[in-house]
Amino acid sequence: MSLPVQLLWLIPALPLLAAGLGALTPRSGRKLASGAAILAMAGSFLLSCGALMTALADPAAHLVHNFAWLDLGEGVLRLGWLLDPLTAFMCVMVTFVGLLIFIFSTGYLHEDPNFTRFFCFLSLFAAAMLGLLVANSLLLLFICWELVGLASYLLIGFWFHKPSAAAAAKKAFITTRIGDLGLLLGMLWLYDSTGSLLFYDGGQGVLEATALGGLVAQTTIGGLAVSTAIGLLIFCGAIGKSGQFPLHVWLPDAMEGPTPVSALIHAATMVAAGVFLIARVYPLMAVDQGLATTPLHALTVVATIGAITALMGAMIAVAQDDIKRVLAFSTVSQLGYMMLALGVGSWVAAIFHLLTHAFFKALLFLGSGSVIHAAHHEQDIRRLGGLRGPMRITFVTFALGMMALSGVPFLFSGFWSKEAILHAAQGWNVSHLPLYAGLAAVVLTAFYMTRLVAETFFGSARSDEARHAHENSPVMTVPLVILAVCAILLGFIGTPAFPWLQSRLMGQTEVHGHSLFEGGGLMVLSIVLVAIGIGSGWALYGRRPRTTTSALDPIEKISPGLFGALRARFGFDELYAATVGRLNTATAALADGLDRYVWDGAVRFLAALGEFAGFVNKEADEDVLNGGFDATNDKIRGTARLYSAAQTGGAHGYMRTVAIGFVLLVLIVMLGGGL
């Protein structure tokens, strides 16, 4: 079954319909809300498989369906759908992993009173992410991008009665908005420079030769190519969404949401959106690579940020005691790997690792959820231990996920995708620093994951919660088994001997493999580093397991200062609170003072001045003008009354008045003459 590009909108439409149904479902309709969400996700998965078949029929083609959205008078703003192997593979991964997370959630949140609301939010999140993937317009992608941010806010703060969850949701929303501002500015600049936001449009799209040639030919401040400036602004959005340094601080706190949310956000969807965005606009990011005149290249910045993030996340994960926070910082580190791969010029390696990481990291998060659910919501690994026996399925699947993430050689998918990134970094002619950061992260990843498994599953139970833990129901363990199988098998479609996935992503119909041992020196070094990480982790935590919850960590005994810095996450939160937070507080206080004492005072002065002017106007109007006018009118009116009284209409009276007047006149004349 194939799916034409014109019907691609059905993939996000089904979860969106389920979200609407969930919003109208009362609390008692638990089966209706969860059933609709699961069926919608299953339908989207089948449609995504059909879309993949359509894309693989001609992997070099970019199938598009554009349509008019807004009439702007002089032109029309258009949106559209895009189908190519990148879109199709991402849709299959998101819907499949999302479906398993949805099923797991029915068991994990079975007792939650807001069960229906949770599935409404999950469906909205999935719809937004799938809409982002199928977009052929940066504007449509941005709309869905912001909906993903909204849904993540709702899910991270799902248990809003917990102050920590409400604060984490707000932190995630605000931090990612900082990056989104850069993305918005880049989008506006791109539209102003090209007159379009469509990726592909018959040769006129922003990722096609005509537009790219115009962007790279223009320069801005310091000789920077316009394409580079726009690419860096777009990368700001990816930094926020994918938890890259320095906007990584929201991602670990997002663990306050229910564990299925952590699996969905930190494995298959939200954090992958930033990597997908850079892979989607990769022609724009890479068009300046041949320019010797520009002082900075966009991909160089991407590689640098990715390398810093990969190493920093791995280091911090070493000292975390919350089972989900270890995985959260692991996600930060692995996303750094993906950005590193993008920066050194291998976007296919980044997507390969994104796909493999989605499966084994979803497995690890759901495995941690299984542990937390069985241990009565205990998340501190110092208070766990001894779960290997009572939770065999969870233990085996979690261990398989740990080996995939650590890059245990040959059998696990994480090994092949990690090696692809390291080999790409080795071939980068700009610098080998990203390679060294990646190699350091290799040994650290193997170390902290061994520590996590040993502290959680080995030794003896160190709390009542751990002692009473038992395996969960099949609705929670079956998804773990399926994801564990995928964590093993998925790597074999991208090995150097059979790079089928990479070939399809690059638009090739034939697979051109090479020896597994080509570049074997780096592979051997990587394997040795994995062995060192696992061996040292087992020596410190497995051979001599913790016996009490208060016992110091072995690294803390050796170097308490270093361990304290790692446990405190290098103090980034405190640094931001002391700088950005204080600046924000000071700015807010200044704004409040200006509002209260300056603007409010000015308004009050103007209001008093207006009242005084009104009073003066009133007095002048009523007492002077109106009073004088009224007095004059009264006098005229009195005179008129006297005059009207004299007008009797009788002729005798008039003659008598004339006679009297005549007599008076004669007297005046006579007296005057006498004088």
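Throughout, residue positions are numbered sequentially from 1 according to the sequence presented.
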Taking OH in Y153 as the centre, count heavy atoms belonging to other residues, nucleotides or ligands within less than 6.0 Å. Is the count above 12?
no
Point to revise | R569 side-chain N/O to G313 backbone N/O, donor-acceptor pair under 3.5 Å | key: no
The side-chain hydrogen bond (donor to acceptor under 3.5 Å, both in side chains) partner of S370 among T477, T259, T394 is T394
So do V261 and F158 actually touch side chain to side chain, heavy atoms under 4.5 Å?
-> no
**Message:** Side chains of W159 and D112: any donor to acceptor distance under 3.5 Å?
**Reply:** yes
Closest non-hydrogen atoms of G98 and L264, given as atom of the first, atom of the second and distance, are CA-CD1, 4.1 Å
Heavy-atom nearest pair, F104 first then P260, reads CD2-CG, 4.1 Å
Has the side chain of Y337 got a donor or acceptor atom that lies under 3.5 Å from a matching backbone atom of G438?
-> yes
If you take the centroid of each ring, where Trp contributes its six-membered ring, are F121 and F125 closer together than 6.0 Å? no
Any sub-3.5 Å donor-acceptor pair from Q244's side-chain atoms to S242's backbone N or O?
yes
Closest non-hydrogen atoms of G107 and V475, given as atom of the first, atom of the second and distance, are CA-CG1, 3.8 Å
Quick check: F398 with F365 (ring centres under 6.0 Å apart)?
no
Closest non-hydrogen atoms of A362 and A263, given as atom of the first, atom of the second and distance, are O-CB, 4.3 Å
Sidechain N-carboxylate O distance under 4.0 Å for E455, R382: no
- Query: side-chain contact (heavy atoms from CB on, under 4.5 Å) between E556 and R567: does it pass, once the steps are laid out?
  - Reply: CA-CA 10 Å; E556 190 175 10; R567 176 174 282 174; 4.2 Å; yes
- Task: Consider only side-chain N and O atoms of S526 and E419, and report whether a donor and an acceptor are under 3.5 Å apart.
- Result: yes
Heavy atoms of S406 and A446 approach each other most closely as OG-CA, 3.7 Å
**Message:** Any non-hydrogen side-chain atom of L483 less than 4.5 Å from a side-chain atom of F360?
**Reply:** no
For this session: May I ask you to test the F359-M93 pair for a side-chain heavy-atom distance under 4.5 Å?
Result: yes
query = How are the rings of Y108 and H373 set to each other: parallel, tilted or perpendicular (split at 30° and 60°)?
reply = tilted
Taking the side chain as C-beta and beyond, is there a heavy-atom pair between I534 and M449 under 4.5 Å?
no
*For R544, look at atom CZ and say whether over 12 heavy atoms of other residues, nucleotides or ligands are found less than 6.0 Å away.*
no
Does R177 come within less than 4.0 Å of D180, counting only side-chain N to carboxylate O?
yes
task = For S330 and V326, indicate whether the former's side chain and the latter's backbone hold a donor-acceptor pair under 3.5 Å.
result = no
**Report entry** Beyond-backbone contact of I381 with L452, side-chain heavy atoms, under 4.5 angstrom
**Finding:** yes
inquiry  = If the threshold is 4.0 Å, N to carboxylate O, is there a salt bridge linking K170 and D253?
reply    = no
Does S152 use its side chain to pair, donor to acceptor, with the backbone of G149 at less than 3.5 Å? yes
Check your understanding: Under the 3.5 angstrom rule, does the side chain of T175 hit a backbone N or O of A172 as a donor-acceptor pair?
Key -> no
So does L384 get a backbone contact from the side chain of S463, meaning a donor-acceptor N/O pair under 3.5 Å? no
What is the ring orientation for H248 with F245, classed by angle as parallel under 30°, tilted 30 to 60°, or perpendicular over 60°?
-> parallel
Note to self: Given 3.5 Å as the limit, does a donor-acceptor pair link the side chain of R451 with the main chain of Y541, or not?
What the structure shows: no
Problem set entry | Backbone of A310 reached by a side-chain donor or acceptor of S333 within 3.5 Å | yes
Rounding to 0.5 Å, atoms CE (M402) and CZ (F395) come to a distance of 10.0 Å
Is M476 close to I103 at the side-chain level, that is, under 4.5 Å between some pair of heavy atoms?
no
Could you check if a side-chain atom of V97 sits within less than 4.5 angstrom of a side-chain atom of I101, using non-hydrogen atoms only?
yes
**Q.** Under-4.0 Å salt bridge between K324 and D322
**A.** no
### Query
Going through the distances and angles, do L490 and W416 end up as a side-chain contact (heavy atoms from CB on, under 4.5 Å)?
CA-CA 10 Å; L490 191 62; W416 298 113; over 6 Å; no
T356 and S413: side chain donor to acceptor below 3.5 Å: no
Shortest non-hydrogen pair, A18 vs A36, comes out as CB-O, 3.7 Å
Does the plane of the ring in H353 sit parallel, tilted or perpendicular to the ring in H357? Use 30° and 60° as the thresholds. tilted
Problem - salt bridge (charged side-chain N to carboxylate O under 4.0 Å, His left out) assessment of D464 paired with R383 - result: CA-CA 9 Å; D464 290 338; R383 293 179 52 81; over 6 Å; no
*asked:* Please determine whether a side-chain nitrogen of the Lys or Arg among K162 and E256 lies less than 4.0 Å from a carboxylate oxygen of the Asp or Glu.
replied: yes
Query - Salt-bridge present (K557, D553; N to O < 4.0 Å) - result: no
Practice prompt. Specify whether W538 and F458 have parallel, tilted or perpendicular ring planes, treating 30° as the upper limit for parallel and 60° as the lower limit for perpendicular.
Written response: perpendicular
### Task
Could you please spell out the steps behind the side-chain contact (heavy atoms from CB on, under 4.5 Å) verdict for N472 and M391?
CA-CA 8 Å; N472 292 295; M391 302 186 69; 3.9 Å; yes
Practice problem: Look at the side chain of E465 and the backbone N and O of I372, then say whether any donor-acceptor pair between them is shorter than 3.5 Å. | Solution: no
